[in-house]
Amino acid sequence: MERLIDHPWDLTPTEARALQTRLAREVRLTPPPAEVRTIAGVDTGFEDGGRTARAAAVLMGWPDLEPVGHHIAREPTRMPYVPGLLSFRELPVVLAALEGLDTTPELVFCDGQGIAHPRRLGIAAHLGVITGLATIGVGKSRLVGSHEEPGRERGACTALMDGDERIGTVVRTRTGVRPLYVSPGHRCDIDGAVDWVLACCRGYRLPEPTRQADHLASRRGAFREG
DNA sequence: GCGACAG
DNA sequence: ATCTTGTCGC
């Protein structure tokens with residue numbers, strides 16, 4: 001992956017929210033890419049009590065979902081966690097991790113929301129808009145929106161709504177476990193996001209790209225790396 | 001004014 | 001996210 005456009009990261013919360021509102025207009029909820037050969041998963045972890053941010057990008061082949069490469073990036077953490085502004089804290093190092101991959105994936109799974117965000121620009125949507133990549137947001141918990149509890153069996157889904165607007169899907173990826181909050185990031189639609197997430201689950205709650213990235217971004221992954 | 005609040 | 005071991009439940 002090559003270098004991208006210049007993007008302002010060190011903004012005040014007010015400036016960041018204004019930028020989110022502008023960037024959200026660039027989000028495209030089109031059907032996901034038809035030709036998918038590689039899928040990437042990205043996730044972020046923190047060291048030194050939060051002073052260092054560490055992002056992992058994992059590349060997997062489709063449809064086998066075998067890992068074909070990965071890259072880990074570390075940078076000083078620039079912002080604290082503020083609900084709704086997660087992407088400004090994590091995307092800089094996530095971009096560095098993605099740039100370390102030697103192949104550009106057709107699809108990227110992000111840990112967090114896509115358009116299921118107060119201003120419709122969760123981390124997955126933000127990443128997609130500034131890179132042009134097709135992205136899907138996979139959240140382990142809810143940021144905004146209301147929904148019914150999905151059935152207990154794997155595959156059960158309910159709509160995630162913000163007022164009259166549908167912003168995603170609550171998906172049970174494994175029977176009896178807490179559901180995931182799935183929403184499109186960029187160049188993907190609501191149904192396509194759910195289809196891809198379920199297609200990438202291999203017996204665990206998290207889809208493989210996210211699960212592998214989680215693993216590498218966690219402490220164990222850092223050791224495995226050196 | 002009082003909660004809620006991705007990771 | 002992170003601090004942290006064993007343990008309760010399916």
Side-chain angles (χ1 to χ4, degrees), chain A residues 9 13-14 16-17 19-20 23-24 27 41-58 72-98 108-129 135-147 152-154 160-163 167-186 190 193 197 203-207 209-223:
Chain A
W9 295 111
T14 298
R17 292 186 189 99
L19 180 56
Q20 288 181 325
L23 290 178
V27 169
V42 295
D43 187 33
T44 307
F46 295 87
E47 308 171 345
D48 307 316
R51 287 186 296 281
T52 302
R54 173 190 60 248
V58 182
I72 291 180
R74 281 187 178 73
E75 286 180 6
T77 303
R78 32 181 106 202
M79 323 189 60
Y81 167 70
V82 177
L85 300 181
L86 177 71
S87 60
F88 287 86
R89 172 174 165 85
E90 300 192 350
L91 275 190
V93 68
V94 163
L95 289 171
L98 276 174
V108 180
F109 280 63
C110 294
D111 204 44
Q113 314 299 327
I115 60 169
H117 176 279
R119 289 165 295 282
R120 308 293 181 263
L121 198 83
I123 188 166
H126 195 163
L127 174 64
V129 165
T135 59
I136 293 175
V138 179
K140 294 185 289 297
S141 62
R142 182 193 70 91
L143 173 60
V144 290
S146 57
H147 64 87
R152 188 174 178 287
E153 345 69 54
R154 170 193 150 89
L160 179 60
M161 308 290 294
D162 188 0
I167 57 177
T169 310
V170 185
V171 187
R172 192 86 67 182
T173 53
R174 200 187 162 183
T175 301
V177 303
R178 278 191 304 152
L180 256 30
Y181 291 77
V182 177
S183 59
H186 181 60
I190 289 179
V197 166
Y204 294 89
R205 181 187 181 221
L206 296 176
T210 299
R211 204 172 73 83
Q212 299 293 335
D214 255 346
H215 193 69
L216 288 181
S218 74
R219 205 49 177 145
R220 285 181 55 194
F223 281 132

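A, B, ... follow the sequence lines: proteins, then strands. Residue 1 opens every chain. What's counted below: heavy atoms across the whole structure, side chains too, no hydrogens, waters or symmetry copies.
Looking at every heavy atom in both residues, A:Y181 comes nearest to A:S141 through CD1-C, 3.5 Å. Closest approach of A:R89 to A:T77, counting heavy atoms only: NH1-CG2, 3.4 Å.
Taking CG from A:D214 and CG from A:D111, the interatomic distance works out to 5.0 Å, rounded to the nearest 0.5 Å. Note that the CD atom of A:Q212 and the CZ atom of A:F109 stand 12.5 Å from one another [nearest 0.5 Å]. Separation of atoms CZ (A:R172) and CZ (A:R152) is listed at 8.0 Å; rounding is to 0.5 Å.
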Output one line per pair: protein atom, nucleotide atom from nucleotides 3-7 of chain B, and distance, for all N/O pairs under 3.5 Å.
{"residue": "B:dC5", "atom": "OP1", "partner": "A:R142", "partner atom": "NH2", "Å": "2.7"}
{"residue": "B:dA6", "atom": "OP2", "partner": "A:Y81", "partner atom": "OH", "Å": "2.5"}
{"residue": "B:dA6", "atom": "N7", "partner": "A:G84", "partner atom": "N", "Å": "3.2"}
{"residue": "B:dA6", "atom": "N6", "partner": "A:G84", "partner atom": "O", "Å": "3.0"}
{"residue": "B:dA6", "atom": "N6", "partner": "A:L85", "partner atom": "N", "Å": "3.4"}
{"residue": "B:dA6", "atom": "N6", "partner": "A:L86", "partner atom": "N", "Å": "3.2"}
{"residue": "B:dA6", "atom": "N6", "partner": "A:H117", "partner atom": "NE2", "Å": "3.4"}
{"residue": "B:dA6", "atom": "N1", "partner": "A:I123", "partner atom": "N", "Å": "3.2"}
{"residue": "B:dA6", "atom": "N3", "partner": "A:Q113", "partner atom": "N", "Å": "3.2"}
{"residue": "B:dG7", "atom": "OP1", "partner": "A:K140", "partner atom": "N", "Å": "2.7"}
{"residue": "B:dG7", "atom": "OP2", "partner": "A:S141", "partner atom": "OG", "Å": "2.9"}
{"residue": "B:dG7", "atom": "O3'", "partner": "A:D111", "partner atom": "OD2", "Å": "3.3"}

Polar-atom pairs under 3.5 Å, protein N or O versus N or O of nucleotides 7-10 of chain C: list them with distances, or write none.
none

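Crowding of A:R178 atom CZ: a count of heavy atoms from other residues, nucleotides or ligands under 6.0 Å not exceeding 12.
Here C:dA1 presents its C1' atom at 12 Å from CD of A:E47, a figure rounded to the nearest Å. Atom pair A:R51:CZ and C:dA1:C1' shows a separation of 14 Å (rounding to whole Å applied).
Counting heavy atoms from C-beta outward, A:T173 and A:L206 have side chains that stay 4.5 Å or more apart.
Residues passing the ring pair (Phe, Tyr, Trp, His ring centres under 6.0 Å) test with A:H117, sequence neighbours excluded: none.
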